[in-house]
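Below: the structure, in C-alpha cells.
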Amino acid sequence: MSSPLAGRRTRRPGWIADQVFRWALLLALGIGVITLATLLCTVVAAGWPRLNPDLIAHMPSIRFPERAGAQSAITGTLWVIGCTALVALPTGILAALYLEEFARPTSRFQRLVDVSIQNLAAVPSIVYGILGLAVFVRALALGQSIAAAALTLALLVLPIIIITTREALRAVPRGIREGSLALGATEWQTAYRQTLPAALPGIATGVILAISRAAGEAAPLLLIGAVGFIAFNPDGLLSGYTTLPIQVYDWTKDSRAEFSSLAAAAIVLLLILLLALNVTASWIRSRARRRW
Amino acid sequence: MSTAEFENTDVAVQELEQAIASPTLVQERPLEMQAEDVSVWFGKRKVLEGVSIDFPKNTVTALIGPSGCGKSTFIRTLNRLHELIPSAAIAGTIRYEGKDIYAPEVDPVHIRLAIGMVFQKPNPFPSMTIRGNVLSGLKLSGMKRSDHDQIVEQTLTAAGLWNEVKDRLNHAAGDLSGGQQQRLVIARALAVNPHVLLMDEPCSALDPASTLKIEETIRELAKEITIVIVTHNMQQAVRVADNTAFFLAAEGEPGHVVEQGATTEIFGNPKDQRTLDYVNGRFG
C-alpha cells in the first residue's frame, strides 16, 4: 500500500459534500447581505435629495412638501424613547434582580413567572398596542399622549430587558457572590454592590438593544393614536406627538412624489439612530473585558 | 524570584517544620469551634454523616480526603454558607465560642463576619481596586474605622502581599496574578478581624511559590486566629496543620470522618488502614 502522501493527489472522500455545504452557507449569508445592501442603497438613493439639514430643521407640512422636514418626529421619538427608558429600565432591572438573586428557583410560582415572561417577549407588538389603548389611553385617560406611548412601549420592552438582565446576572461567577456573603454582606448588599456592577456591561447591552427595538416600533403607536401630522415639538408628558416610524408611515401614504422621497430620507434618519444605538451596545460589550 | 527570597522561603519552611515538630498539645487549648454529629443533605441525598470535630483556638485543622467526600460541604456548614443551596438541610450542632450558630435567633451575617472564608478560586471583586477589595468587608458591615490606610497595610502584610502591591493600591484587582489575587482575598477576609478563617483548597489553583507564601501566611495567622483548611495536598497538610481529619465516602454513601487527631499521628502513625493508604497516596 502506498503512502497517503505519495502518487496522484486524490480528493479525500466527502470533498464534494464539503464544497456543497460551504457554498450553501455562503449563499444563505449572501441572501441576507445582498437584501440589506439593496434596501439601504434604494432608500439612500430615493431619499438623497432630501437628506439635508432642512430634514432636521423643518416641521412637517402637508401643503408645502418641498419645505417639509421631520423635526417634530425626531423630538417626538426622543421624548417617547426617553420616557420609555425611564419607566422600563428600573422596573426591568429590579424585576430581573429579584428573579435571579432572591426568588427560590424551585418554587412553582417562580416557574410560572419564568414561562410568562418568555411568552410576553414573544407577544406581537400590536397586542401591546391594544392593551395600551384599553388601559393607558382609555382607562387611565392619558389620551393620545407621550405618557401613553411611553408606558405602552415600556410594557413591550420590559420582558426583553428582564430576560437580558437575568442572563447578564447569571454570567457573574458564583465566587463573587460567595466572596461577598462570606464577608458578612447581606443578600441585598451582595446583589447591589457586587453582582449588579459586575453584570452592568451585559445589562447595558441588552437594555440598549431593547430601547432600539422600541424606537423602531410603529404598530402599537398607530393603535394608541400617534398622529401622523404634528407640526410642533412635544412640550410635556401629555403633549401630542409623532415619531419617526409613524412619520414615515404617514408620508408613504401620500401619493405625491416629494413625500415618497421625504419618507425615504426619514427612513435613513431612523436607520442612523438605530445603528448608533447598536454600535453603542457593541462598544460597551467589547470594552467590558472579561475580568473573571 | 530572587535568591534572597528563596532563602527567606527556605528559612520559613524550616520554621514551619520546627513549629510542627514541637506539638504543644494543641488539644488542650480552649475550643474556638466545635462540630457535633453534623449531617448534611442536599434534597433527599445525604452527603455527610455524623461528623464531629473540635477546633481548638489558634490551631490549624486540615480536612483531607478524596474528591466528593464532603470536605467542602462540611467547611461551608461552619459559616452557614451551604445555606445558599436551596435544598440543603443540616442536622447536628455547630458551636462557635460555645454558642450554636444555627440557633434561630442567630443572624448568619454575624456568623460570617466572625468566621471568614477563602475559596478555591480567587474571587476578588472585579469592579474594585486592590485597596477597595481589602476594605470591602468593613464597608459592607458598616464598621466605622478611621485608620483605613493602616488596615490595608496590616492585612496585606499579613497576607504576604504588601511589598508587591504597595505602589499600586488603586489598580484594578483583576490585574493581579492568580497567586496575588488569592493573597488579596485573604487580606480582604482578615480586614474584618475574623476569629476563624475557613480555607477551601486555597492553593489548588496556584503555583508552588505562591503556595509556599500562602502556607507561611497560614502559619503566621494561626498565632492570632483559628484556621480550618481543606486540602488535597498531603505535604501541605503536614506543613501547616496541627490537627488533621480524614474524610471518606464509600460509593453512594454519605461522607464521614474516618480518623482525626494530631497531624503527626495521622501521617506518622495512622490507626486505620484506609488512612494509611490515603496518606501514602495509594488512592484518592
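For the numbers below, each heavy atom of this structure counts, side chains included, while hydrogens, waters and symmetry mates do not. In the text below, chain A, chain B and the rest are named by the order of the sequence lines, each starting its count at 1.
- Residue contact with chain A, scored on non-hydrogen atoms closer than 4.5 Å, involves the backbone and the side chain of B:R188 alike.
- Contacts with chain B were tallied for A:R174, A:R193, A:R177; A:R193 has the most, counting heavy-atom pairs under 4.5 Å.
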Criterion side chain to side chain contact (heavy atoms under 4.5 Å, CB included) on B:R112 and A:L183, from CA distance to verdict = CA-CA 6 Å; B:R112 291 175 197 148; A:L183 276 177; over 6 Å; no
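- Taking all atoms of both residues into account, the shortest heavy-atom contact from A:I176 to B:P126 is CD1-CD, 3.2 Å.
- Listed by chain and number, the residues in a salt bridge (charged side-chain N to carboxylate O under 4.0 Å, His left out) with B:R95 are B:E36 (sequence neighbours excluded).
- Here A:L181 contributes atom CG and B:R80 contributes atom CZ; the two are 12.5 Å apart, rounded to the nearest 0.5 Å.
- Proximity to chain A is limited to the backbone of B:I115, based on heavy atoms less than 4.5 angstrom apart.
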For A:E178 and B:M117, run side chain to side chain contact (heavy atoms under 4.5 Å, CB included): C-alpha distance rounded to whole Å, both residues' side-chain angles, the deciding distance at 0.1 Å, then the answer.
-> CA-CA 9 Å; A:E178 289 182 338; B:M117 184 152 187; over 6 Å; no
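- Residues A:G179 and B:F125 come closest through the heavy atom pair C-CZ, 4.0 Å.
- Residue A:S180 touches chain B through both its backbone and its side chain, counting heavy-atom pairs closer than 4.5 Å.
- By the neighbour-count criterion of 12 heavy atoms within 6.0 Å, atom CZ of A:F109 is sparsely surrounded, having that number or fewer from other residues, nucleotides or ligands.
- Other residues, nucleotides and ligands place no more than 12 heavy atoms under 6.0 Å from the CD atom of B:E224.
- Within the 4.5 angstrom heavy-atom criterion, only backbone atoms of B:P124 (N, CA, C, O) approach chain A.
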